[in-house]
Amino acid sequence: MKRPMPWTLAMALAVWAGAAPDLSGQDGSATIPPDIDERIARIHETVVFGDMHGHASRFHRSDVERIELEELQRYRRSHMDLVVVNISTDAAYSGGYVERDGTEIPRGQYRPEPGEPFALTLDRMERILATVEAGDAVLARDADAVMAARAAGRVALLPALEGGDGLEGDVENLRELHRMGLGLLQLVHFRANELGHIQTYPYSPGGLTEAGREIVREANRLGIVIDLAHANTETIMDVLEVSQHPVVFSHGGLKAFKPDRDRALTDEELRAFAVHGGVVGIWPNGSDAETVSQMVDYIEHVMEVAGPDHVGIGSDLRGMGSYSEGFGTDAEFRAVAMELFGRGHSDAVVGKIMGGNFWRVFQTVTTRRVS
């Protein structure tokens with residue numbers, strides 16, 4: 001199928017605003033014409049918008065007590081309802097974070113004592129909960145909690161592990177974190193662990209381990225979404241076979257655009273996610289998509305290969321503005337919808353990409369629990 005001519009955010013602004021394009025306001029925010037914002041708001045009335053993978057306030061790395069209110073307000077300005085907030089649990093092995101007493105743990109290779117990775121995970125989980133306890137956000141335990149947050153004008157946070165390293169292969173640790181509010185588990189990050197294997201160097205052969213199979217089954221039973229970002233092909237295919245629920249690949253690129261890119265999916269993998277009802281999140285990482293227009297190129301490819309029901313957005317960092325042009329410094333998610341409108345996509349399709357597809361998986365996993 002021939003693609004429509006890509007519209008950059010600047011082109012869209014020039015047409016819709018009737019003036020020379022200006023990608024950022026005086027405060028660094030992306031400019032969204034009122035009529036476009038109204039259209040997005042109408043879609044949002046019946047669709048839950050969501051970021052499938054975020055690191056708000058870098059609380060997973062920094063010594064901050066809770067996610068900053070200003071950052072949560074940034075999400076709300078983009079009509080975002082449900083934000084997956086990730087704890088990079090492999091930090092206990094790789095460093096690159098700050099302890100509560102201010103000690104900086106430099107990046108490197110570490111051999112933590114048994115219990116230390118789980119303790120670090122608990123510490124970061126407490127910071128998410130502190131954000132909720134302060135009244136700045138709502139814990140996304142289920143669909144009702146998310147809808148209540150929407151009605152109150154607040155963001156619902158879905159605590160997640162980026163890498164199951166913090167579980168230390170113990171299913172009881174998963175149960176404890178679920179009791180605290182864990183709602184999504186990304187099995188691997190930047191190291192092969194007790195659960196599975198990774199896409200990136202150092203490459204290791206193999207798929208889902210026996211401990212990984214037990215964790216996936218228990219996550220199904222508890223109603224925890226499984227995320228296969230960073231997982232190698234063998235691990236992906238094993239999980240798709242084991243899981244009784246649809247799973248997600250929250251953030252990454254596509255081999256169709258960059259065949260040598262490690263953190264990317266093949267068309268075959270895209271179709272496999274679709275067959276199992278899953279969702280693939282496209283990220284605005286500058287090494288893959290340098291602009292919002294290129295990001296939408298990726299999104300359209302997933303739609304062509306897997307269908308419009310199987311693609312979403314995973315920002316990866318502090319919203320959308322860190323690496324790719326066209327989002328403004330305030331991480332303007334609406335820029336994605338705006339680009340999609342410019343290419344002629346319907347309100348229904350835009351709603352699915354802005355969060356409707358991930359919301360479907362979230363509802364399925366949290367309501368149809370398995371024994």
Side-chain angles (χ1 to χ4, degrees), residues 3 6-10 23-24 28 30 51-56 58 60-61 78 84-86 88 90-91 94-97 107 160 162-163 186-192 197-204 227-233 235-236 248-270 273 279-306 311-333 335-336 338-340 343 353:
R3 296 177 186 276
W7 278 42
T8 64
L9 182 57
L23 296 187
S24 61
D51 182 359
M52 295 170 62
H53 188 94
H55 289 292
R58 287 185 58 82
H60 67 305
R61 298 287 185 191
S78 285
V84 178
V85 286
N86 288 270
S88 297
D90 60 332
S94 62
Y97 67 96
R107 291 191 180 276
E162 183 166 36
Q186 182 183 308
L187 297 181
V188 294
H189 192 205
F190 282 120
R191 61 183 292 272
H197 296 265
I198 60 176
Q199 290 174 310
T200 50
Y201 181 85
Y203 309 107
S204 58
D227 183 356
L228 294 176
H230 288 264
N232 67 359
T233 299
T235 302
I236 288 172
V248 304
F249 187 98
S250 64
H251 62 296
L254 301 175
K255 293 284 190 181
F257 289 86
K258 296 202 173 181
D260 296 329
R261 184 78 162 110
D262 285 336
R263 291 176 61 185
L265 294 176
T266 65
D267 285 0
E268 181 183 1
E269 289 167 332
L270 293 178
F273 274 95
V279 177
V280 172
I282 296 300
W283 63 348
N285 185 292
S287 61
D288 284 280
E290 296 178 2
T291 65
V292 62
S293 178
Q294 290 178 353
M295 181 181 175
V296 173
D297 288 343
Y298 279 56
I299 289 171
E300 288 187 325
H301 183 81
V302 179
M303 287 195 287
E304 290 174 5
V305 172
V311 63
I313 296 170
S315 71
D316 193 24
L317 293 174
R318 301 176 63 179
M320 308 293 282
S322 297
Y323 294 127
S324 300
E325 296 178 3
F327 297 99
T329 57
D330 75 337
E332 181 55 80
F333 284 79
V336 178
M338 195 166 164
E339 179 75 16
L340 289 163
R343 299 188 187 198
I353 295 164

- If every non-hydrogen atom of A231 is compared with every non-hydrogen atom of Q199, which pair is closest and at what distance? O-CG, 2.9 Å

- Passing candidate, side-chain contact (heavy atoms from CB on, under 4.5 Å) with I282, options L265, L254, I313: L254

- Task: With the side chain counted from C-beta on, respond yes when E290 and E325 share a heavy-atom pair under 4.5 Å apart, and no when they do not.
- Result: no

- Task: Give the intermediate values and the outcome of side-chain contact (heavy atoms from CB on, under 4.5 Å) for residues T233 and T266.
- Result: CA-CA 9 Å; T233 299; T266 65; 5.8 Å; no

- Item | Over all atoms of both residues, closest heavy-atom pair of S78 and F333 | OG-N, 3.1 Å

- Task: Just do the side-chain contact (heavy atoms from CB on, under 4.5 Å) check on F249 and E269 with the steps written out, would you?
- Result: CA-CA 10 Å; F249 187 98; E269 289 167 332; over 6 Å; no

- Note on the structure: Value for CG (L187) from NE2 (H230), rounded to nearest 0.5 Å, stands at 12.0 Å

- Any side-chain donor-acceptor pair under 3.5 Å between N86 and H60? no

- Rounded distance (nearest 0.5 Å) linking atom OG1 of T291 with atom CG of D297: 7.5 Å

- List the atom of A91, the atom of Y97, and the distance in Å for their closest heavy-atom pair. O-CE2, 3.3 Å

- Between S324 and G286, what is the shortest heavy-atom contact and its length? OG-N, 3.7 Å

- Query: Got L270 and H301 here, is their nearest side-chain heavy-atom distance under 4.5 Å?
  - Reply: yes

- Task: Answer yes or no: is there a side-chain heavy-atom contact under 4.5 Å between R191 and S94?
- Result: no

- Message: Using side chain to side chain donor-acceptor pair (under 3.5 Å), reason through T200 and D262 one step at a time and then give a plain yes or no.
- Response: CA-CA 6 Å; T200 50; D262 285 336; 5.9 Å; no

- Note on the structure: Between G54 and S315 the two heavy atoms that sit nearest each other are CA-OG, 4.0 Å

- Close side-chain approach of I236 and F273, heavy atoms under 4.5 Å: yes

- Item | Side chain to side chain, V84 and D51, heavy atoms closer than 4.5 Å | no

- Looking just at side-chain N and O atoms, do D227 and H251 make a donor-acceptor pair shorter than 3.5 Å? no

- Task: Not counting sequence neighbours, which residues clear salt bridge (Lys or Arg N to Asp or Glu O under 4.0 Å) with R261? List them please.
- Result: D288

- Message: If I take atom OG1 from residue T235 and atom NE2 from residue H197, how far apart are they, to the nearest 0.5 angstrom?
- Response: 6.0 Å

- Note: H55 and S88 closest approach over all heavy atoms is CE1-OG, 3.7 Å

- Flag the pair L340 / I353 as yes when at least one side-chain heavy-atom distance between them is below 4.5 Å, and no otherwise. yes

- Message: Measuring only between side-chain heavy atoms, which start at C-beta, is Q294 closer than 4.5 Å to F257?
- Response: no

